[in-house]
Chemist: 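What follows is a structure written as structure tokens; I'll ask about it next.
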Amino acid sequence: MNLKSAREEIEKIDLEIISLIKKREECAHLIHNAKKADNISVVDKNQRETVLKRAEEKAITEGLNPIYVKQIFSVLIEMNEEKQKSL
Ligand SMILES: O=C(O)C(=O)C[C@]1(C(=O)O)C=C[C@@H](O)C=C1
């Protein structure tokens, strides 16, 4: 694979990642509604830890650097919390 087609492949993957981030953020609406009904706060430290631990374990299984993967997921969680707070 030459540089141009490798970059095209990366572009395709990047666009897929953005679609998945969008899909994840859309769950904020569902979670927000469920939490509102039960009067639960947006930030849930235990669930944060569960999500980060799951991401870390999967990263290790996949041979990825778990530190970077956890950083990515911290940002995704933050985005979701921001979204929920804005609803
Ligand atoms: O599971 C929840 O309660 C969510 O609100 C989702 C989510 C996440 O993005 O995974 C976001 C905020 C919470 O602090 C924990 C987890």
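Each ligand, and each atom within it, is numbered from 1 in the order the structure gives. One-based numbering along the sequence shown.
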Chemist: For atom 1 (O) of ligand 1, what's the nearest protein heavy-atom neighbour? Residue, atom name and distance, please.
Modeler: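 Looking only at protein heavy atoms, the one closest to atom 1 (O) of ligand 1 is Gln47 CG, 3.2 Å.
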Chemist: Given the rule in the side chain to side chain contact (heavy atoms under 4.5 Å, CB included) test, do Arg24 and Ile77 qualify, once you have shown the distances and angles that lead to the verdict?
Modeler: CA-CA 9 Å; Arg24 192 182 197 283; Ile77 291 169; 4.3 Å; yes
Chemist: Between Ala55 and Val69, what is the shortest heavy-atom contact and its length?
Modeler: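 Between these two residues, the closest heavy atoms are O-CG1, 3.8 Å.
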Chemist: Between Lys35 and Val42, is there a donor-acceptor pair closer than 3.5 Å when you use the side chain of the first and the backbone of the second?
Modeler: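 The answer is yes, because a donor-acceptor pair under 3.5 Å joins these two groups.
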Chemist: Below 4.0 angstrom from a heavy atom of Val43, which ligand 1 atoms are there? Numbered from 1 as shown, please.
Modeler: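 Answer, ordered by atom number: 14 (O).
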Chemist: Below 4.5 Å, heavy atoms only, C-beta onward: do Ile13 and Ile17 meet side chain to side chain?
Modeler: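 The answer is yes; the side chains approach within 4.5 Å.
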Chemist: Just distances here: any N/O of Asp44 and N/O of ligand 1 closer than 3.5 Å?
Modeler: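 There is such a contact, yes.
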Chemist: Among all the protein's non-hydrogen atoms, which is closest to atom 14 (O) of ligand 1, and how far away is it?
Modeler: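 Sorting protein heavy atoms by distance from atom 14 (O) of ligand 1 puts Glu81 OE2, 2.6 Å first.
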Chemist: Is it true that Glu8 and Lys4 have a side-chain N and a carboxylate O under 4.0 angstrom from each other?
Modeler: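 Yes, Glu8 and Lys4 are salt-bridged.
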Chemist: Could you tell me whether Lys23 and Glu26 have a side-chain N and a carboxylate O separated by less than 4.0 Å?
Modeler: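 No, no charged N to carboxylate O under 4.0 Å.
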Chemist: Starting from atom 7 (C) of ligand 1, what is the nearest protein heavy atom, named by residue and atom, and what distance separates them?
Modeler: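 Answer for atom 7 (C) of ligand 1: Ile77 CG2, 4.5 Å.
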Chemist: Compute the minimum heavy-atom distance from Val42 to ligand 1 and say whether it is under 4.0 Å.
Modeler: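 For ligand 1, residue contact (heavy atoms, under 4.0 Å) with Val42 is present.
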Chemist: Give a yes or no on whether Val75 and Ile18 share a hydrophobic cluster (residues Ile, Leu, Val, Met, Phe, Trp, Tyr; joining criterion: side-chain heavy atoms under 4.5 Å apart).
Modeler: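 No, Val75 and Ile18 fall in different hydrophobic clusters.
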Chemist: What is the distance from atom CD of Glu81 to atom CZ of Arg48, rounded to the nearest 0.5 Å?
Modeler: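 Between atom CD of Glu81 and atom CZ of Arg48 there are 4.0 Å.
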Chemist: Say whether His32 and ligand 1 are in contact under the criterion: heavy-atom distance to a ligand atom below 4.0 Å.
Modeler: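 It does not; every heavy atom stays at 4.0 Å or beyond.
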Chemist: Would you please determine whether Gln84 falls within less than 4.0 Å of ligand 1 on a heavy-atom basis?
Modeler: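 True for this residue.
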Chemist: Would you call Glu56 and Lys53 a salt bridge, taking side-chain N to carboxylate O under 4.0 Å as the test?
Modeler: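 A salt bridge is present here (some side-chain N lies under 4.0 Å from a carboxylate O).
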Chemist: I need the atoms of ligand 1 closer than 4.0 Å to a non-hydrogen atom of Val51, numbered in the order shown.
Modeler: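 In order of number, 10 (O).
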Chemist: Out of all atoms in ligand 1, which are within 4.0 Å of some heavy atom of Asn80? Include the element for each.
Modeler: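 Listed by number with element: 9 (O).
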Chemist: Pick, from Ile31, Leu30, Leu52, the option with the minimum heavy-atom distance to atom 4 (C) of ligand 1.
Modeler: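 Of the listed residues, Ile31 has the closest heavy atom.
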Chemist: Which protein heavy atom lies closest to atom 3 (O) of ligand 1, and at what distance to 0.1 Å?
Modeler: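 Going atom by atom, the protein heavy atom closest to atom 3 (O) of ligand 1 ends up being Lys35 NZ, 2.8 Å.
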Chemist: Using a 4.0 Å heavy-atom cut-off, which part of Arg24 comes near ligand 1: side chain, backbone, both, or neither?
Modeler: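 Side chain only; the backbone of Arg24 stays clear of ligand 1.
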